[in-house]
Amino acid sequence: MRRFLRGALVAVVVVGVWWVLTELHLWSAYVLPTPGRVWSSAVEMTMSGELPRHVVISFGRVLIGFALAFGLAFALGVVALLLPGPDGYLAPVLSFLKNVPPLALIPLLILWFGIGETAKVIVIVLTAFFPMYMSIKKGFQACSPQLLEVGTSLHFSTAKQFVLIRLPNAVPDILVGMRISLGFAWRALVGAEMIAASSGLGYLILDAQRMSRSDKVIVGIVTIGLVGILCERLFSGAVRRTMRWGIDDSWS
Amino acid sequence: MTAGAEIAGLCKSFTVGDRVVSVLDGLDFTQRDGITVVLGASGCGKTTLLRLIARMDVQDTGSIRIRGTGSIGMVFQEPRLMPWLTTVQNIRFGLGRGACDTQRLLELTGLTGFEKALPHQLSGGMQHRVALARALANRPALVLMDEPFAALDQLTRERMQDQLLALQRAEGMNVLFVTHSIDEALYVGDRIVVLTHGRIDADHDVAHVPGQRSRAPDLEFTRLIRSTIQGEAPC
Ligand SMILES: Nc1ncnc2c1ncn2[C@@H]1O[C@H](COP(=O)(O)OP(=O)(O)O)[C@@H](O)[C@H]1O
Ligand SMILES: [Mg+2]
């Protein structure tokens, strides 16, 4: 609650300064619309269903991309652990892709997949994949040899060792990766939608720019930020409530 | 006789850098019933010996036979509990759906009331007791213990030693107990063997030594053992 109040205080101060600046008429209403103008646009866009529709579409894309990225990161994390041979060939590919910003691939993705959902989901998958892949791999490989030896002393097979020791032991690392990826995915989504979409929050912002509606641009930006914070909070809250071990203060 | 290790001509060496270090060098040993203590200075190969008996490593030459039937339980120097499992789940770890009288084990190890606690919510001594209960869960005929109480404070260690004696009496399993402490050896052991230079060097049946199972062990005997360990250059 304390934290919420502090956040609210900061918001009030920011809006106050913003309001004073617009009252001074230093810039035109197009460069810096008044808080009141932005607020009424927000209300109007919410009532008309425009804003909720874009939020739902964007959120759906993030969920799909995030889920696919998680599946891929988990599968390749297992490969990296159990099949060092194939992983040797995979590693250079992944390290190449890691260093190419997914947005740079958009021209090709549009060429190959059109501006449908596929291109955008691929951008999200590519962005969300790497933080999860790195932390899943680390979680699997950093398992304490002492715990693994308990499995050895019980004559566990490699599979049993993995399921009963390595995997549960990696859960805190996996969750950290998921949290980072969620933020990455959300930000990448907006980028992708600004280039190749006819819906979603990124599209909303770009469309507003074309119509010279900076008040709607600000509504879009604030919505993105708030939905992002909400996602992060929900995820952290769920983790805190379910995990009884291996969770540090960064989750509070 | 019930389960026990029968070892003949056991050799094990490790390659460290470009040097070959011989740790066990023709070790012969036949375990008898009760609690057998393997006593030796740190680094003389006690852990290596237990790991070989538990088939967690492979010897260079020599044979290890486990006489009798039944499984082997292992207790490490650290509790090595799974941090995500509760007391009961840790005790049942690796049992699968196998039957196990968890309630009885909890009572025997004094853990009743802490069934749902996670390891980080338990004291050091309690964690060791969970590890002990885990090793006993599938009713092993032989339990291997590698300096299990070395990391505990003296009072807790003494309580754990008593607990071990009570458990051994209740369950009737044979124990191979590794330690570097002469006092501990005399307190828990029915028989003490000394490991030096890769072999069993001295073999004492301590059942009739005055001061056995006492916190004030017989000085004469302590001195004798000490000289066996120290007689050779420290390994
Ligand atoms: N995996 C290993 N690789 C190399 N050297 C080892 C290994 N395991 C044990 N050693 C060496 O073998 C010797 C005996 O070790 P250990 O059996 O752990 O002794 P203890 O348990 O009696 O203290 C030590 O010198 C140790 O350095
Ligand atoms: Mg040791």
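Order of the sequence lines fixes the chain letters, A, B, ..., with proteins taken first and strands second; residue numbering starts at 1 for each chain. The structure presented is a predicted model; accordingly, all values stated were derived computationally and were not measured.
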Heavy atoms of F76(B) and V150(A) approach each other most closely as CE1-CG2, 3.8 Å
Most heavy-atom pairs under 4.5 Å with chain B, out of S144(A), G151(A), P168(A), belong to P168(A)
- prompt: Is the count of non-hydrogen atoms from other residues, nucleotides or ligands lying under 6.0 Å from F59(A) atom CZ greater than 12?
  reply: no
Nearest heavy-atom contact between L118(B) and W245(A) is CD1-CB, 4.1 Å
Sub-3.5 Å donor-acceptor pair from the side chain of R80(B) to the main-chain atoms of L147(A), do we have one? no
Under 4.5 Å to a heavy atom of chain A? For L81(B) that would be backbone
On a heavy-atom basis, the closest approach of M56(B) and S153(A) is SD-CB, 3.6 Å
Rounding to 0.5 Å, atoms CD1 (I72(B)) and CG (L154(A)) come to a distance of 11.5 Å
Looking only at R55(B), Q121(B), M74(B), R51(B), most heavy-atom pairs under 4.5 Å shared with chain A are made by R51(B)
Taking CZ in F114(B) as the centre, count heavy atoms belonging to other residues, nucleotides or ligands within less than 6.0 Å. Is the count above 12? no
Rounded to the nearest 0.5 Å, the CZ atom of R244(A) sits from the CH2 atom of W84(B) at a distance of 14.5 Å
Nearest heavy-atom approach of I165(A) to F93(B) is CG1-CZ, 3.7 Å
